[in-house]
Amino acid sequence: MEQIVVPKKHNLRRNLTILLVAALIIGSARFAGFSIVGTLSGILRGGRLLGRMFLSPAWSYAPRVVDPLVETIRMSVVGTFIGALVAFPVAVLAAENFIRKPLISRPLRFILNIFRTIPAMVLASLFVAVFGTGAFSGVLALAIFTFGLISKLTFESIEAIDYGQVEALMSLGANQINVLRYAIVPQILPQFLSYTLYGFEVNVRAAAVLGYVGAGGIGQVFEQNLSFRRFDRVGVIIILTFFVVLAIDFVSSAIRRRLV
Amino acid sequence: MIRFTDVSKVYPNGVRALTDINLTVEEGEFLAIIGLSGAGKSTLLRLINRLIDTTSGAVEVDGMMVNRATGRQLREARRKIGMIFQGFNIVKRMSVLSNVLSGRVAYHPTWRTVLGLFPEPDKQIAYRALQRVDILEKVHARASELSGGQQQRVAIARALAQEPRVMLADEPVASLDPITTVQVMDYLRQINVEDGITTVANLHHVDLALKYATRVVGIRAGRIVYDVPIKGLDRPQFFRDMEQVYGRPIHHDEVLGEA
Amino acid sequence: MEHTGPISVEKPFDIYRTLYRIVNYGGLIAIILWGFAGIEYKGIMQTARGTVEALLRGFVRPDVAYLTTMTIDGLPYAVLETIAIAVAGTFTSGILAIPFALLASQNIVGPHVSKVGKFIVTAIRSFPELILALIFISIVGPGAPAGVLALGIHSIGMLGKLFSESIESMDMGVKEALESCGASPFEVLFRAVIPQVSPELISYTLYRFEINMRAAATLGLVGAGGIGAPLIFAIRTRVWPRAAIIVIVLVVTVTVIDAVSGRIRKRLV
Ligand SMILES: Nc1ncnc2c1ncn2[C@@H]1O[C@H](COP(=O)(O)OP(=O)(O)O)[C@@H](O)[C@H]1O
Ligand SMILES: [Mg+2]
């Protein structure tokens, strides 16, 4: 049978993109000194250490982990609460469809964006430098971090709401406070609560390590034991922290599913 | 040849979709299956290439007991059975060629097909399949850029690339407009006639069955209630007989007519 | 008979609803109060004011020389290393997340296995990345590779969850069509599942990359490479002009990467 000849496909752009992305990834891996062989041999070498952490953890140490763990949760609760409390009004001001004053919303968004780019750990170490070590510095860091996270998510939700209700109220002569009270808050509240819970989940995980820079919670105990190379205790801390975080994640996401 | 022997199908949720099906489809037949929605037409079709398992009885295709085939054996059985669907079921984000080459997967080791390394003869088979449904010029287009009728033709080409002995079509034209419907049905008939591929099609419209099939089987509530060859069919009698299938006779003016 | 008196539309008092609310709100308030009760406020250190002033002075006069130091000790190198850790870690997790996502997808492995898969993915997500980094540091030694591994493993949690959501919402007809061609499970995966969901997968991976940029910037605090190490050192030694330039460059870099990545994501889906 005679051959069918079809014109060649020209996918130069696609191939170039693939090449570029591959180069970026391989280049990054090499720059970071990351190699699969190195990792595997490292894991073989590090196996003994892992064994010390997780095969024979010092369970007798567990009671002394409870207090710092509780402090971690408290820090997350308070940090989330403050952050969310401030985030709501700020989100309302930052939403472009409600206040409609770019002079307010634009700079506000700019500042929010900066807050969101600074990791909680960096904030925590700055606060430790200013306020000293302890949970207080950690709470401040979490509050600011949560504030950035929740206000962004919330103002995006406000901008996505059904504007029909707002206009209906406006046509009845409602002022902005009424619009806020009867059109925006009811529509946004479930999402806002859901974001707050999400922020709480993120915060618990963040709070667990903030102590590493001296900002209170379980991280501080973790750091001490690690520097004394008490890996058996480190194992206990990791296991307990993990289960607490896991439990909180499950409860919180169950509530979130019911909210929205 | 396809043969159902005492086949029943009960879905895991307890729905009894087919009861005591005995049916033989001869080599080269164009069988139309008609029936109300939910009668069990799709179920019957899906048993032929074992997309679903039989509950009891045997399904045989070209001497192979499909209902007992697994793994490699099942994949080889399926290779010989092309299938097209109401929703076309092609990958819209892939090119037309890649979609048609998917019809060749069962001919090669997995590592080759996964990497897209199809040998030149396979590409020729794919081109030829596209040529048969007159859509070769779209070979490099993205499937999403095609119209519904064109997508269904790509799906036919994919089935053709399998070099099948049997073609299954589950309401192949139900999402198409009348003009494209005729085109797609014409291709199916052409393939049936020219290549002698046994064809089984679920059809919603009685008049399409009359126009294209060589035999009509009616299913009602999971049982075969009607089975006649089209040749020498007494049409008025046929429409009266439809009461067995649809629960009431069909009147001449209810039929779509020649589209 | 015509009803003439005033029509009452008051809500009937629902005792259960009221109780439910009291329990909910009361519980919430109790939890918040409990939280506050445990946070000790030791008062602002006497040095705080001086520290803040010095810090602000640092931001007014950041250490620009550090930014133009083109050696391994300069800021550009640290920034590049941070980006490299984020890229390599994100890519690793993007690949590793696929099998986990499949394991968590009901339409691929069935309802029972997928529950197990979902649990594994959640469990991975619950493991803080800094702790992972510390574990990997003790395994492969301090440096960027430990950071890559920490991000690569931790991100499987989020990506696995998002990936499985898009796999679960994909069109199953295509999977069926491939099976009807005689495709093996791997062929179904690579010729039906992945081509369909790949734009979403790439978009989620980019989103995770944005998050990982921030994470990579903190990994250095524990010794896993990147910009975090010089930053924590500058803060601890109170060299504020240097801390300031690092924070500024970090904010700018992350903002630019967010913008670029957001653009690409918008075009993808
Ligand atoms: N996967 C399934 N699980 C449970 N019941 C099904 C399934 N598929 C089809 N059914 C049921 O089986 C019966 C026959 O369905 P089907 O073969 O799709 O009919 P048709 O194609 O003739 O419309 C219907 O009652 C339908 O609800
Ligand atoms: Mg059907």
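Because the structure is a prediction, the values reported are computed rather than measured. Below, chain A is the first sequence line, B the second, and so on; all start at residue 1.
- Here the straight-line distance linking atom CG of C:L134 with atom CE of A:M53 works out to 8.0 Å at 0.5 Å rounding.
- Interface check for chain A: of the options C:A88, C:G35, C:A86, the most heavy-atom pairs under 4.5 Å are formed by C:G35.
- Across all non-hydrogen atoms, the minimal contact from C:R214 to A:P119 is O-CG, 3.5 Å.
- A:I255 CD1 to C:N24 CG: the interatomic distance, rounded to the nearest 0.5 Å, is 8.5 Å.
- In terms of modelled atom types and a separation under 3.5 Å, the side chain of C:R125 and the main chain of A:D249 share no donor-acceptor contact.
- Open room surrounds OH on A:Y198; 12 or fewer heavy atoms of other groups in view lie less than 6.0 Å from it.
- With chain A as the partner, the residue from C:W34, C:F36, C:F127 showing the most heavy-atom pairs under 4.5 Å is C:W34.
- Proximity to chain C is limited to the side chain of A:L226, based on heavy atoms less than 4.5 angstrom apart.
- Residue A:R116 touches chain C through both its backbone and its side chain, counting heavy-atom pairs closer than 4.5 Å.
- The distance from atom CD1 of C:I139 to atom OG of A:S41, rounded to the nearest 0.5 Å, is 11.5 Å.
- Minimum interatomic distance between C:S126 and A:V245 (heavy atoms only, all atoms of both residues): O-CG1, 3.4 Å.
- The shortest heavy-atom contact between A:Y212 and C:R236 is O-NH2, 3.8 Å.
- Heavy atoms only, all atoms of each residue included: A:L24 and C:V87 are closest at O-CG1, 4.2 Å.
- For a residue to count as touching a neighbouring chain, one of its non-hydrogen atoms must lie under 4.5 Å from one of that chain's; by this rule A:V70 touches chain C with backbone and side chain alike.
- The number of heavy atoms from other shown groups lying within 6.0 Å of OH (C:Y20) does not exceed 12.
- Of all the listed residues (A:I118, A:V139, A:N113, A:I238), the one sharing the greatest number of non-hydrogen pairs under 4.5 Å with chain C is A:I238.
- Using a 4.5 Å cut-off on side-chain heavy atoms (C-beta onward), A:V21 and C:F91 make no contact.
- The 12-atom threshold is not exceeded at CD1 of C:I72, counting heavy atoms of other residues, nucleotides or ligands nearer than 6.0 Å.
- Take A:F88 and apply the ring pair (Phe, Tyr, Trp, His ring centres under 6.0 Å) test, not counting sequence neighbours, and it matches A:F192.
- Only the side chain of A:F54 comes within less than 4.5 Å of a heavy atom in chain C; its backbone stays farther off.
- Your options are C:V252, C:V140, C:I235, C:V247, and the one with the most heavy-atom pairs under 4.5 Å with chain A is C:I235.
- Most heavy-atom pairs under 4.5 Å with chain A, from the set C:L250, C:L149, C:V52, C:T255: that is C:L149.
- One distance of note links CD1 of C:I257 with OG1 of A:T117; it measures 11.5 Å at 0.5 Å rounding.
- In this structure, the side chains of C:L130 and A:M121 come closer than 4.5 Å at one or more pairs of heavy atoms.
- Note that the CD1 atom of C:I31 and the CZ atom of A:F200 stand 7.5 Å from one another [nearest 0.5 Å].
- Other residues, nucleotides and ligands place no more than 12 heavy atoms under 6.0 Å from the CZ atom of A:F110.
- Listed in order of number, the residues of residues 76-85 of chain A that approach chain C to under 4.5 Å between heavy atoms are A:V77, A:V78, A:F81, A:I82.
- Interatomic distance, CG of A:L126 versus OG1 of C:T51, reported as 11.0 Å (0.5 Å rounding).
- Contact of A:F222 with chain C is made through the side chain alone, with heavy-atom distances under 4.5 Å.
- In this structure, the side chains of C:V251 and A:F115 stay at 4.5 Å or more apart for every pair of heavy atoms.
- A:V213 places a side-chain heavy atom less than 4.5 Å from the side chain of C:L221.
- Contacts of C:L80 with chain A are made by both backbone and side-chain atoms, with heavy-atom separations under 4.5 Å.
- In terms of heavy-atom pairs under 4.5 Å with chain A, the best-connected choice from C:V222, C:L231, C:T92, C:I85 is C:V222.
- Pairing each heavy atom of C:A123 with each of A:F242, the nearest pair is O-CE1, 3.1 Å.
- Contact count against chain A (heavy-atom pairs under 4.5 Å) is highest for C:P145 among C:G141, C:G228, C:P145, C:A144.
- Across C:P128 and A:V209, no two heavy atoms sit closer than the pair CB-CG1, 4.1 Å.
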